[in-house]
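Inspection log for the structure reproduced underneath, given as C-alpha cells.
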Amino acid sequence: MPHRDPAGWPWLKERLSGLRQATRPELVRGTGPGAVPAAVVRTAVVTDSAAALPADWVRGLAADGLLTVVPMPVMVGSEIYGEGEDDIADTIAVALASGKPVKTSRPSPGQFEQAYLAARRHGYESVVSIHISGELSGTADSARIAAARVGFPVEVLDSRTVGMAQGMGVQAAVAAAADGLTAGEVREFAEQRLARTRVYFYVPSLEQLRRGGRIGAAASLWGTMLAIKPILAVEDGRVVPLEKVRSAAKAIARLKEIVVADAAARSGGQARLAVHHFGNPAEAGQLAAELAAAVPGCAPIQISALPAVLAAHAGLGVLAVIVGENSTPAATEARAAT
C-alpha cells in the first residue's frame, strides 16, 4: 500500500488538481457499476504564522482557499510588523542585539473572521483552525471569538506546540481535508499527529524567554550561573528546561543525541525532522546534515529560520529541532488501495 507524506507537495498538488474538478457529478473514480464518486474537499484549514510552514508550500494551497495563514504581529519599538507581510528578520536581529524592545501580540478576532469568511466564499462548508499553544499566546482565543461570529462550523484547535511541530499538524490537517474527510475527522487526524511531535531547542541565553514570560525566573538563572547552556523542550504547550550543559558545543551535541534517540524510537522509520534557526543558518545546516547521517531513511530535513513571532522570544543563535512522523489519513490509504 503506498504511503503518502502530508508534506509531500507533488502528491498534494496532483490531488488538488483533481479535486478542482470533483464538483462535477459525472467525474468518478473508476468505471462501471462499482465506480465511486471522487472526494470533494469540504473543509478548509486556517493557522497562524507560528506554524513556520514553507512559503512555497503555503502559496500552492492559498489559491484554492484550502489553507490560510494569518500573520502574527511583532512590535519593534513603536513599529508593528506582520509576519509574511514584512521582511522583519534583520530588524528583529538588530533590535535584539541593541537591547531595543521586541514584543509580540496575537492576531485580532477580525483577522480570523476574514479568513473564515473567505473560506466560505471559496465554497468550503467548514473550517479547522489550528494555532500556537494557548500557554504561549492568546491566538486560539482570538480564533474562538471569530468562530462564534461567522455563523458556520469552525473547529478551533490549540496545537499545544509551536514552529513546525504545529506546522506538521497543519500539514496533516490539509492532507486529511484534501482527502474529503469531515471537519471532525480532519481535527482528529491533526490531533493525532500533533500528539506525536516534539520540540527540542538550544538557546545561547534565556534572557529573551524570561522577558517575554515564556520561562520562569528560576529556570532563567541557569543562563547566568556557571555559564550553563540549557536544552529546552515544549511539553504540554509550555517551554520547560530539559537538561543543563556546560558549553554551547556540548549543548548542541547533546541536542543531536536527544533528537536521534527520539527519531530511532519511531516505528518503521517514520521519523520526520525539521530544523529552525535565527541568525545562524550555517550551524543549522551542519546540524541538519549530521542528523540526516545519524537517522537512516529520514526524509529530507526542512531547514528554516524561526518565524519572527518565535524568534522575538528565543533570541539570536537558537537551534530548534522538531521531531514528528510521516503520516497519511486512513481514508487516503484505503482509496489508494482501490
Side-chain angles (χ1 to χ4, degrees), residues 47-56 58-59 69-108 111 132-133 136-139 162-167 199-217 219-224 227-232 234 239 247-249 251-252 255 274-288 302-322:
T47 190
D48 54 70
S49 55
L53 291 163
D56 59 343
V58 173
R59 281 193 296 270
V69 179
V70 176
M72 297 185 69
V74 177
M75 292 162 282
V76 181
S78 60
E79 298 293 324
I80 300 177
Y81 301 86
E83 181 86 55
E85 300 174 333
D86 304 288
D87 186 8
I88 57 176
D90 289 344
T91 302
I92 292 175
V94 171
L96 293 176
S98 63
K100 192 174 183 179
V102 179
K103 298 180 180 180
T104 61
S105 182
R106 63 185 182 179
S108 69
Q111 289 174 275
I132 181 175
S133 170
L136 303 175
S137 169
T139 297
V162 295
M164 264 305 293
Q166 174 187 340
V199 180
Y200 306 104
F201 64 109
Y202 154 76
V203 290
S205 170
L206 288 167
E207 182 60 17
Q208 281 301 119
L209 286 167
R210 183 195 65 78
R211 286 181 181 178
R214 267 59 181 185
I215 197 165
S220 72
L221 290 176
W222 285 6
T224 58
I228 288 172
K229 300 298 182 183
I231 298 174
L232 303 106
V234 175
V239 176
S247 70
I252 295 171
L255 175 63
V275 175
H276 293 316
H277 63 87
F278 183 46
N280 50 335
E283 277 188 308
Q286 180 178 344
L287 176 60
Q302 176 189 322
I303 306 172
S304 60
L306 269 182
V309 69
L310 302 182
H313 293 291
L316 290 164
V318 60
L319 285 173
V321 183
I322 286 77

Please report the C-alpha distance between V318 and Y202 in whole Å, then the side-chain angles of each, then the deciding distance to 0.1 Å, and finally whether the side chain to side chain contact (heavy atoms under 4.5 Å, CB included) criterion is met.
-> CA-CA 6 Å; V318 60; Y202 154 76; over 6 Å; no
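- V275 and A288 make their closest contact through CG2-CB, 4.1 Å (heavy atoms, listed as atom of the first residue, atom of the second, distance).
- Taking CZ from F201 and CG from L319, the interatomic distance works out to 11.5 Å, rounded to the nearest 0.5 Å.
- Atoms CG and NZ, on L255 and K229 in that order, are 14.5 Å from each other to the nearest 0.5 Å.
- Judged by distance alone, with hydrogens and angles left aside, the side-chain atoms of R106 form no donor-acceptor pair with the main-chain N or O of S137 at under 3.5 Å.
- Residue K100 holds its NZ atom at 11.5 Å from CD1 of I92, rounded to the nearest 0.5 Å.
- For the pair T104/M72, no side-chain contact is recorded, criterion being any heavy-atom separation below 4.5 Å from C-beta on.
- Residue Q302 comes nearest to A52 through the heavy atom pair NE2-O, 3.6 Å, listed as atom of the first residue, atom of the second, then distance.
- Contacts of A165 classified as side-chain contact (heavy atoms from CB on, under 4.5 Å), with partners at least two apart in sequence or in another chain: T161, T197, V199, I322.
- The structure places OH of Y200 at 12.5 Å from CG of L232, a figure rounded to the nearest 0.5 Å.
- In this structure, the side chain of E283 does not engage the main chain of N280 through any donor-acceptor pair within 3.5 Å.
- Annotation: the span from M164 atom CE to I303 atom CD1 amounts to 13.0 Å, rounded to 0.5 Å.
- Residues forming a side-chain contact (heavy atoms from CB on, under 4.5 Å) with A305 (at least two apart in sequence, or on another chain): H277.
- Residues S133 and Q166 fail the side-chain proximity criterion, which asks for heavy atoms closer than 4.5 Å.
- Only one option out of V70, V69, V58 pairs with S49 in a side-chain contact (heavy atoms from CB on, under 4.5 Å); it is V69.
- A distance of 11.5 Å separates CD1 of I80 from NZ of K103, quoted to the nearest 0.5 Å.
- For D48 (side chain) and P107 (main-chain N/O), no donor-acceptor pair under 3.5 Å exists by modelled atom type.
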